[in-house]
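Shown next, in structure tokens, is the structure this report addresses.
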Amino acid sequence: MRIGFGYDIHRLVEGRPLILGGVDMGHKKGLLGHSDGDVLLHAIIDALLGGANLGDIGQLFPDTDPQYEGISSLELLKDVMGRISGLADIVNIDATIVCQKPRLAPRFDQMKHEVAAALGIPEDRISFKAKTNEGLGPEGAGDAISAYAVVLLDLPKAP
Ligand code: MG
């Protein structure tokens, strides 16, 4: 078994849709990024890559590469799963999203459905939790959303 950990933060700005876990949250602000800015999926991707020791999201999908401009991060997640699927099975994913507004919990089932489908794993292996930042820091001020993720990988053939 191997553990992977991922973290990401994106600025929250006017004029962008807020996409988290592949779902449009219908919020008045969205996350700035070269891709769709899906901070939750970026943290999960880095956790998967870390656990499999395959580098990080910036190495695989550089933000200088025009082919990733505006791309759905679900596509990046599928690409990463394709890289690790021959090596590892995902035992579980646990993620925390730090977001003052909007309330995320009502959308968790939909988000888990999207992520589970992209990874080809059952939804009950995925846990999402939301925290406000008690008004503190950039997340608390509504200027950013951050996410933390851990994954457990089962690598039966690891050396
Ligand atoms: Mg990111």
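Owing to the predicted nature of the structure, the values given are computational and were not obtained by experimental measurement. Numbers for residues simply follow the sequence, beginning at 1. Order of listing sets the numbers, starting from 1, for every ligand and every atom in it.
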Practice task
For residues 38-50, pull every pair meeting side-chain hydrogen bond (donor to acceptor under 3.5 Å, both in side chains), keeping only residues two or more places apart or in separate chains.
Solution key: D8-H42, H10-H42, S35-H42, H42-S73
Problem - Salt-bridge contact D94-K129 (side-chain N to carboxylate O under 4.0 Å) - result: yes
Completion exercise
Looking only at heavy atoms, the pair that brings G140 and Q100 closest together is CA-OE1, 3.2 Å
Practice task
Return yes if some donor-acceptor pair links the side-chain N/O of E114 with the main-chain N/O of M111 below 3.5 Å, else return no.
Solution key: no
Exercise for the section: Using atom types as modelled and distance alone, determine if a side-chain donor or acceptor of R83 lies under 3.5 Å from a backbone N or O of A52. Expected result: no
Handout entry: 2.8 Å cut-off (strict), protein N, O or S atoms about the Mg ion (ligand 1)
Key = 3
Practice task
Would you confirm whether R16, through its side chain, and G33, through its main-chain N or O, come within 3.5 Å as a donor-acceptor pair?
Solution key: yes
